[in-house]
Chemist: 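The structure is given below, and queries will be raised subsequently.
Throughout, numbering of the chain's residues begins at 1 and tracks the sequence.
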Amino acid sequence: MDIRGLFGANVRRLRRAAGLSQEAMAERMGVDRAYISWIETGRQNATLLSLWHASQALDVRPAALLDESHFPTDDQK
């Protein structure tokens, strides 16, 4: 999984765990809902500022959005 996919998968996982819709997440970040969709599908190359805003919206540390422990690595598949 590349870094965009990892970031997006973590955003989706943590957003759902927080009970937020993409629209609610977008509102918290001050972006369009489509931007959240693009992030979650790995189509958006998010900036450090987006990483920060996402972590604030989800009330998690920025590192949580880059955590690989929830997803199997290539050698674990």
Chemist: At their closest point, which heavy atom of Met29 faces which heavy atom of Ala57, and how far apart are they?
Modeler: CG-CB, 3.8 Å
Chemist: Please name the pair of heavy atoms, one in Ser55 and one in Arg61, separated by the smallest distance, quoted to 0.1 Å.
Modeler: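 It is CB-C, 4.1 Å.
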Chemist: Tell me, please, which residues at least two apart from Asp59 pass side-chain hydrogen bond (donor to acceptor under 3.5 Å, both in side chains).
Modeler: none
Chemist: As an exercise, state the distance from CG of Asn10 to CG of Leu66, rounded to the nearest 0.5 Å.
Modeler: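 Between atom CG of Asn10 and atom CG of Leu66 there are 7.5 Å.
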Chemist: Suppose the criterion is salt bridge (charged side-chain N to carboxylate O under 4.0 Å, His left out): which pairs have a residue in residues 18-35, not counting sequence neighbours?
Modeler: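 For residues 18-35, and leaving out neighbouring residues, there are no salt bridge (charged side-chain N to carboxylate O under 4.0 Å, His left out) pairs at all.
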Chemist: Applying salt bridge (charged side-chain N to carboxylate O under 4.0 Å, His left out), name anything that partners Arg43, two or more places apart in sequence or on another chain.
Modeler: none
Chemist: Can you check whether His70 reaches Arg13 side chain to side chain, under 4.5 Å on heavy atoms?
Modeler: yes
Chemist: Side-chain contact test, heavy atoms from C-beta onward, threshold under 4.5 Å: evaluate it for Leu65 versus Leu14 and give yes or no.
Modeler: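 Yes; the side chains approach each other to less than 4.5 Å.
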Chemist: Taking side-chain hydrogen bond (donor to acceptor under 3.5 Å, both in side chains) as the definition, give me every residue that meets it alongside Arg16, ordered by chain and number, with sequence neighbours left out.
Modeler: none
Chemist: Would you say Leu49 and Trp38 are hydrophobically clustered, going by side-chain heavy atoms of ILVMFWY under 4.5 Å?
Modeler: no
Chemist: Name all residues meeting the side-chain hydrogen bond (donor to acceptor under 3.5 Å, both in side chains) criterion together with Arg15; count only those two or more places apart in sequence or in a different chain, and write none if there are none.
Modeler: Glu40
Chemist: For the pair Ile3 and Asn45, evaluate side chain to side chain contact (heavy atoms under 4.5 Å, CB included) and give the outcome as yes or no after the intermediate values.
Modeler: CA-CA 9 Å; Ile3 192 71; Asn45 192 16; 5.8 Å; no
Chemist: So, using side chain to side chain contact (heavy atoms under 4.5 Å, CB included) as the criterion, who are the partners of Ser50 when residues are at least two apart?
Modeler: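 Tyr35, Ala46, Thr47.
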Chemist: Within the structure provided, determine whether His53 and Val31 are in side-chain contact (heavy-atom separation under 4.5 Å).
Modeler: no
Chemist: With a 4.5 Å heavy-atom cut-off, do Thr41 and Arg12 have their side chains touching?
Modeler: yes
Chemist: Would you check if Asp67 and Leu6 make a side-chain contact, meaning some heavy-atom pair closer than 4.5 Å?
Modeler: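 SC-SC contact between Asp67 and Leu6 ruled out.
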